[in-house]
2 protein chains.
Amino acid sequence: MPNRPLSADTIHVSPDVWKQGVRALWRTTGSRVTKPRVRVLDAIMRYQTPFSAEQLCADLGQSISPPGRATVYRTIEQLSESGWLARIHTQTGEAGYVPSLPGHLHHLICTTCGVVIAFEGCVLDDLLVRLSSQTDFAIEGHLLQIYGRCATCK
Amino acid sequence: MPNRPLSADTIHVSPDVWKQGVRALWRTTGSRVTKPRVRVLDAIMRYQTPFSAEQLCADLGQSISPPGRATVYRTIEQLSESGWLARIHTQTGEAGYVPSLPGHLHHLICTTCGVVIAFEGCVLDDLLVRLSSQTDFAIEGHLLQIYGRCATCK
DNA sequence: CTATATGCAAATTCTTTGCAAATCG
DNA sequence: CGATTTGCAAAGAATTTGCATATAG
């Protein structure tokens, strides 16, 4: 039996691609590439798992000449709104951010170590059509996160 | 062409069923049916859209002999953990609660008026199997929310 | 140069906690 | 009654804001 194409392909966000993308965002929107912002980017790239704003502030606080809280929060907001950070919700309701590429929709999250894998998938199309006719909603978007234990943790 | 059974059926949470269910929870777990808790239930039943803890406190504050903040927070936590409240995330990241029945998994949320429709669906099974083999995760659960505009708002 | 961004410290907002007094069963 | 729950007020987080100063382009 031949391998069928998967309906969902996992996506790896390379640090270089991500940083370039964010810098491009800044350039094209007239935002400036400042030292504090770059420090925030670098710190984000060091995480293997979702991070919170406070965590990021605390970790940056260890370094020399850390950006102020306000800058950290403002940068996170900017990246989050433009899709370069994705907001993750754990099963217990805590929120966190992970580097992302604009347009990526779904995440697979390890409930033990927190590692996140992004993927795309059109598997919802069928459901969306049915829901749409059944409820008379005009569907605009969706949030899908899947929880499990990764190969290492299980 | 015959109507095929839908892969997802919307679910209506009747106020009576819900309140009875919560009371049953309290009885069976040795929790007490106190006046402040009942006031919280009643207030929750008045919402047509997701509410936050602060909102609930504020609204209860209008009434005579309102429960204290602590009681409101503790009651929400209790209901949330037992599945009688579901946590909702809006597209902009705000969180809110809606009355739910334990085990219900998915929500369709109007991005204009905030009304929420719950539904069940096994449409993810296929995706989960594929993801599982592709990523070597042991899948444990998932969060699915769909955003759109309801019949009235669209 | 000048528009944008920073950092600070204070103000807000949201949530949790400890404990004496009240209350449900 | 006795165990559970409440309400308060204070502590603790998390986030936002205003504005004088610094800086990228």
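Not measured: the values here are computed from a predicted model. Just so we're on the same page: letters track the sequence lines, and every chain starts at 1.
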Side chain of A:T71 (C-beta onward), nearest among C:dG7, D:dG25, D:dT4: C:dG7
Assign each of A:E54 and A:A70 the nucleotide of DNA chain D bearing its closest heavy atom; nearer the 5' end lies the nucleotide of A:E54
Got B:E120 and B:L105 here, is their nearest side-chain heavy-atom distance under 4.5 Å? no
To the nearest angstrom, the CZ-C1' distance between A:R39 and C:dG7 comes to 13 Å
For B:Q78 and C:dT16, what is the distance between atoms CD and P respectively, to the nearest whole Å? 14 Å
Would one find a side-chain N or O of B:Y73 under 4.0 angstrom from OP1 or OP2 of C:dT15? yes
If you look at every strand shown and take non-hydrogen atoms under 4.0 Å, does A:S31 touch a base, only sugar-phosphate, or nothing? sugar-phosphate
Just call it for B:R74: base, sugar-phosphate, or nothing, with non-hydrogen atoms closer than 4.0 Å on any strand. base
Ignoring hydrogens and angles, answer whether the base of D:dA14 and the side-chain atoms of A:R69 contain a donor-acceptor pair closer than 3.5 Å. no
B:R32 backbone acceptor or donor facing B:R37 side chain under 3.5 Å: yes
Just say parallel, tilted or perpendicular for the rings of A:W18 and A:W84, cut-offs at 30° and 60°. perpendicular
Please tell me if B:T34 has a side-chain N or O lying less than 4.0 Å from either OP1 or OP2 of D:dT5. no
The side chain of A:A53 lies closest to which of these nucleotides: D:dT15, D:dG25, C:dT15? D:dT15
Round to the nearest Å and state the distance from B:L60 atom CG to D:dT6 atom C1'. 14 Å
With nearest nucleotides of DNA chain C determined for B:K35 and B:E77 from heavy-atom distances, which residue corresponds to the more 5′ nucleotide? B:E77
Quickly work out the A:Y97 OH to D:dA14 C1' distance and round it to whole Å. 11 Å
Once you round it to whole Å, what is the distance between P of C:dA3 and CH2 of A:W26? 22 Å
Should the pair B:D126-B:R130 be classified as a salt bridge under the 4.0 Å nitrogen-to-oxygen rule? yes
Evaluate the side-chain proximity of A:L144 to B:L127: yes if any heavy-atom separation is below 4.5 Å, no if none is. yes
Hey, does A:R37 reach any base, or is it just sugar-phosphate, or nothing, if we go heavy atoms under 4.0 Å? sugar-phosphate
Between C:dC14 (C1') and A:E94 (CD): distance, integer Å: 16 Å
Provide, to the nearest angstrom, the distance between the CZ atom belonging to A:R32 and the C1' atom belonging to C:dC1. 11 Å
